[in-house]
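Since the structure comes first, as structure tokens, the remarks are kept for the end.
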Amino acid sequence: MPRRQLLLRIQLMSNPAVLCGVRGAVSPLAGAVGFGEEDCHKITLALDEAITNVIRHAYGGKLERPIKIEFHKVNGKDAAKAGLEITLTDRGVKPNPDALKGLPPGELRSGGLGLHFMRQSMDTVVHTRVGSTNRLRMVKYIR
Amino acid sequence: MPRRQLLLRIQLMSNPAVLCGVRGAVSPLAGAVGFGEEDCHKITLALDEAITNVIRHAYGGKLERPIKIEFHKVNGKDAAKAGLEITLTDRGVKPNPDALKGLPPGELRSGGLGLHFMRQSMDTVVHTRVGSTNRLRMVKYIR
Amino acid sequence: MQISARHLDNTTIFDVTGDIDLANSPAVRKAFLTELREKKIPRVIVNLQGVKYIDSSGIASLVEGLKASRDLKARFILFGLSKSAREVLQLSRLLKLFEIYENEEQALSAESV
Amino acid sequence: MQISARHLDNTTIFDVTGDIDLANSPAVRKAFLTELREKKIPRVIVNLQGVKYIDSSGIASLVEGLKASRDLKARFILFGLSKSAREVLQLSRLLKLFEIYENEEQALSAESV
Ligand SMILES: Nc1ncnc2c1ncn2[C@@H]1O[C@H](COP(=O)(O)OP(=O)(O)O)[C@@H](O)[C@H]1O
Ligand SMILES: Nc1ncnc2c1ncn2[C@@H]1O[C@H](COP(=O)(O)OP(=O)(O)O)[C@@H](O)[C@H]1O
């Protein structure tokens, strides 16, 4: 098995109306990689939150800006245990590194849960800036 | 509203294992465009059959060949009634025009149902060859 | 996502079905706030039985409803949470801040806490 | 997709769950043909209750099972079709060629037609 196998690439515009389509794709893909139902839900949530943040923060709510998503099946440290790697790319503003630290959950605040959900749901969540694009890499391994 | 609005673009390799991901995406997208449950199922079936044919016939079952899919929301003749346009592009062999006519359904034959399902499910199903690529355009309008 | 309202004496019940995400959470929030702030309804009950998926923007709408109800000394009650909606509220560590019941009957008959 | 077999006297019941598509229809077909052709089981029953989606490659597997059963004078019976599986069989105009029942009890007790 190759160490990293492209499963699907999705390009969308920064329009919340198509979030449902991306969620619809990722859950069965995660299932095909071998994740159980609860993990499929977590991966779906993490990706939803990541796109939501790109739309709201990187693109300031503007529609029709490009977002690219790639799904790779990856090997875990134990090669028998596969994982799913999701990378998002956008051309929006650079995030504020302090904001990306996120806020503690559990407070009656309307917002500030997205990063927490992503970090709770995935094993790896890394934001990087490459030239004029933002890259987000999230990985989850089968336990 | 623009006459033709890109909703999503998906690229996959000719691997049956990711069919589930594409089906997962198209059904909620069709729902978001305004189709009811039965039509969402028909559109999902038509796309599944179209990809299956590309994998089996255009690429002769070979894995790791590229398939591109685009989803556009389109206006119907009556502008209030939207439609969903799906275009598939592959770099496989040119189909035999006679084979593309399809076979009559209702016979105990293991095969020959895909084109029939596509044509029963969608309002428009057109195969074209453009240079070295095959293009399939399918459209369904909300009734 | 669809949201519809049933009006009882001093109570509005919202029936929500479908996924709650960024595409529709603003509409959900607006429905809650109109009922609480403008119509001054003292008890708003949200039926989430038909909601199989909710993300942080949906949770934020529920939080806005809860906050408005506290400001106005009204009640804001949830019932019919799916497994995944419950999981997401759990992840947010807000589960205990909401008044949550299994079904409509319990939500209607529960005394104010 | 998962397929598992229960073996009764002269009968095998296959429980299939998940979507049947090109990724797994070859495995489904193989399961049917092994039971009919190699093991010469006289009655094969397919429980489709857990199958929410089937495409033409899945229908082709069912057709292969039916054809093999006819060759061997065995029975090939379906039950528990979901709405969408029924729709697809209807589209294929093959619905009437299959022996189809509502549930397992009826499938087991039905006389050969
Ligand atoms: N993709 C992104 N691009 C730019 N800024 C971001 C991005 N994701 C998160 N942020 C910043 O991090 C903050 C916290 O994000 P999050 O935890 O998802 O909560 P919320 O989006 O509700 O504020 C955001 O308010 C924003 O300032
Ligand atoms: N995308 C395609 N590329 C090349 N040939 C095709 C394609 N789609 C269909 N065909 C041809 O049309 C025939 C009928 O297709 P279909 O009705 O889907 O049934 P089946 O795929 O089971 O043969 C195929 O056997 C094949 O020869």
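A, B, ... follow the sequence lines: proteins, then strands. Residue 1 opens every chain.
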Proximal component of D/L22, with respect to chain B [non-hydrogen, under 4.5 Å]: both

Sorted by number, residues from residues 52-69 of chain B in contact with chain D (heavy atoms, under 4.5 Å): B/T52, B/I55, B/R56

What part of D/R29 gets within 4.5 angstrom of chain B, counting heavy atoms only: side chain, backbone, both, or neither? neither

Contact origin within D/K96 toward chain B - heavy atom pairs under 4.5 Å: neither

Answer yes or no: is there a donor N or O on one side and an acceptor on the other, between the side chain of B/E49 and the main chain of D/D55, under 3.5 Å? no

Please check if atom CD in B/E37 has more than 12 non-hydrogen atoms from other residues, nucleotides or ligands closer than 6.0 Å. no

Considering only heavy atoms, which portion of D/L97 lies under 4.5 Å from any heavy atom of chain B: side chain, backbone, both, or neither? side chain

If I measure from the heavy atoms of chain B, does D/L66 come under 4.5 Å with its side chain, its backbone, both, or neither? side chain

Strictly less than 4.5 Å between heavy atoms, which residues of residues 103-128 of chain B line up against chain D? Please order them by number. B/P105, B/G106, B/E107, B/L108, B/R109, B/S110, B/G111, B/L113, B/G114, B/H116, B/F117, B/Q120, B/S121

Could you pull out the closest heavy-atom pair between D/Y53 and B/L45, with the gap in Å? OH-CA, 3.4 Å

Does any non-hydrogen side-chain atom of D/V88 lie less than 4.5 Å from one of B/H41? yes

